[in-house]
Structure formats: structure tokens, C-alpha cells
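Note that the structure is a prediction, hence the values are computed from the model and not measured. Lettering follows sequence order; numbering is per chain, from 1.
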Amino acid sequence: MSERAALDPRTTAFYDRSVHDVALDLLGCVVRHGLTAGRIVETESYHENEAACHAHIGLTERTRPLLGPPGVAYVYRSYGIHALLNAVAEHDGIGAAVLIRALEPLAGLPEMRSRRGLDRLEDLCSGPGKLTQALGIDVDLNRSSLTCGPIEIDPRTTAGTPRQIVTGPRIGITKAAELPWRFCDADSAHVSRPLPPAMRRRAQARPAGVASR
DNA sequence: CATGGGATTGACT
DNA sequence: GTCAATCCCATGC
């Protein structure tokens with residue numbers, strides 16, 4: 001049962017791999033910013049070879065961080081309102097990133113509640129725009145290092161490792177919507193959208209591994 | 001330089 | 001279920 005030692009998300013080597021592997025391995029890891037921290041329970045992967053990825057159009061001022069070295073934050077403004085946090089992955093020169101879509105709040109709950117203006121734990125970080133607001137992450141942190149801070153990502157603990165991971169189509173996109181590149185901790189109450197009931201049943205029925213759809 | 005479209009959220013019917 | 005808010009950036013005239 002010798003399991004290969006997991007890569008550490010505090011090293012660039014962690015991000016210098018297939019964006020899908022990075023998306024899966026980020027589940028259970030802990031994002032920290034200032035006093036706040038949360039456990040990643042939902043991710044999506046984006047790659048320049050498909051149309052939903054910003055880097056699909058090639059190198060522009062906006063996509064420069066995506067095409068740059070791995071282990072860097074790509075933070076952009078969505079719908080003019082929200083900041084969305086991504087971890088840049090794959091080799092320098094390849095545009096790929098993991099969107100952090102939801103966290104289980106762990107630390108700095110008063111700050112999170114104050115920034116969100118909401119009390120319920122499930123309302124604090126259960127969406128890509130919500131979690132950046134809760135953690136105080138804005139677009140000024142675009143291009144900042146994830147291995148040196150100010151945003152840090154800690155390895156998952158044994159207890160924090162998802163028991164069951166469920167995959168499905170990505171949320172809120174119109175292009176390349178058929179690709180099953182959304183990854184969720186099946187047991188978490190903090191995902192951005194509830195998993196389809198049929199999928200939940202199937203996920204629970206399975207002993208281990210990744211359920212599809 | 002004008003325009004249109006979002007990797008969303010919260011309020012409302 | 002529908003819909004507006006609001007800004008960045010890519011595209012096209």
C-alpha cells in the first residue's frame with residue numbers, strides 16, 4: 001500500500017503538472033489570506049486548448065499570467081463585480097489554471113461574516129465570488145505568488161483529504177460546456193451548487209474513487 | 001473609439 | 001424560475 005508522497009502546494013512543482021491533476025490535488029488543501037482560511041472543496045480546470053479558457057485566444061495583456069510560470073495567482077474581475085481566484089498550472093508558456101470555486105470556512109470567521117454581510121457558514125465561501133470576498137482577495141493580487149504569499153495554500157491533512165470526489169460539467173460557461181472538468185468533495189456542504197441527487201446517490205454507493213458526471 | 005459578452009451573485013416573480 | 005448590477009477587455013468599424 002505504499003502511496004507516493006503527495007506534492008506540496010507550497011512548491012512550484014505542485015503546479016507544474018497537468019491542470020487536472022492540480023485541480024484534483026487542490027481539493028482538501030487550505031487557502032489562507034490574512035486572518036482567514038478555508039479548505040478547498042470545489043475546483044475547475046481550464047486549459048488553452050478549449051474555448052472556455054481565457055488563454056484560448058492566446059497571449060494578451062489579460063492572459064499573460066495564465067501563460068506564465070505555474071504557482072501564480074490569476075485573479076480577474078467577473079461581471080464587473082466579483083474577483084475570481086485561479087491557480088496557474090502547467091509549464092511556463094502553456095495557458096492553464098485551476099479556478100477555486102468553493103471553500104469550507106476554517107479561520108477568521110468574524111472577518112468573513114463582516115465582509116460578506118451574512119451569518120450562515122454555508123453562505124460565506126460557497127462560490128468563486130463569495131470566497132474571494134470572504135478572504136479579502138481582490139484583483140490587486142493578480143500575478144502574486146501562491147508559494148510565497150500573500151495568498152498561501154497549505155497541504156491537505158489526512159483528515160482534510162476528501163473521502164469521495166465527484167466530477168461533472170463546469171458551471172456558468174457556454175463554450176466547451178460538455179467537458180467534465182469540475183471537481184467536488186462529495187461530502188461537503190460548502191460547494192457552490194448542490195450536486196444532482198442522482199449523482200449523490202451514486203457517489204455514496206461507490207466505495208472509493210472518482211464518480212463521473 | 002463604441003460595443004458586447006462574460007469562469008457571478010442576490011433580489012425578486 | 002428571471003434579471004440587473006457593473007467593469008475589463010477583445011473585437012470591429
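- To the nearest whole angstrom, the two C1' atoms, one in C:dG1 and one in B:dA7, are 23 Å apart.
- Contact annotation for A:R170: no contact, since no heavy-atom pair falls under 4.0 Å across all strands.
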Query - ring-ring contact (aromatic ring centres under 6.0 Å, His included) between A:Y46 and A:H54, intermediate numbers included - result: CA-CA 8 Å; A:Y46 289 83; A:H54 290 172; 7.5 Å; no

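- The residues A:R39 and A:E104 are annotated as salt-bridged, a charged nitrogen and a carboxylate oxygen being separated by less than 4.0 angstrom.
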Would you mind writing out the side-chain donor-acceptor pairs for residues 88-95 of chain A within the sub-3.5 Å range, not counting sequence neighbours?
unit_1 : atom_1 : unit_2 : atom_2 : d
A:E90  : OE1    : A:H47  : NE2    : 3.3
A:E90  : OE2    : A:V19  : N      : 2.7
A:H91  : ND1    : A:D16  : OD1    : 2.7

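- A salt bridge is absent between A:K130 and A:D123: the closest approach of a Lys/Arg side-chain nitrogen to an acidic carboxylate oxygen does not fall below 4.0 angstrom.
- For A:R143 (side chain) and A:V72 (main-chain N/O), no donor-acceptor pair under 3.5 Å exists by modelled atom type.
- If you walk DNA chain C from 5' to 3' and mark each nucleotide with an atom closer than 4.0 Å to a heavy atom of chain A, the marks span C:dA5 to C:dA10.
- Distances shorter than 4.0 Å separate none of the side-chain N or O atoms of A:R193 from OP1 or OP2 on B:dT8.
- Dashed line: the shortest gap from a side-chain N or O of A:K175 to OP1 or OP2 of B:dG5 is not under 4.0 Å.
- Taking a pair as Watson-Crick or G-U wobble with both distances under 3.5 Å, the runs of three or more consecutive pairs in DNA chain B are B:1-6 with C:7-12, B:8-12 with C:1-5.
- A:R116 has a side-chain polar atom (N or O) that falls below the 4.0 Å cut-off from OP1 or OP2 of B:dG10.
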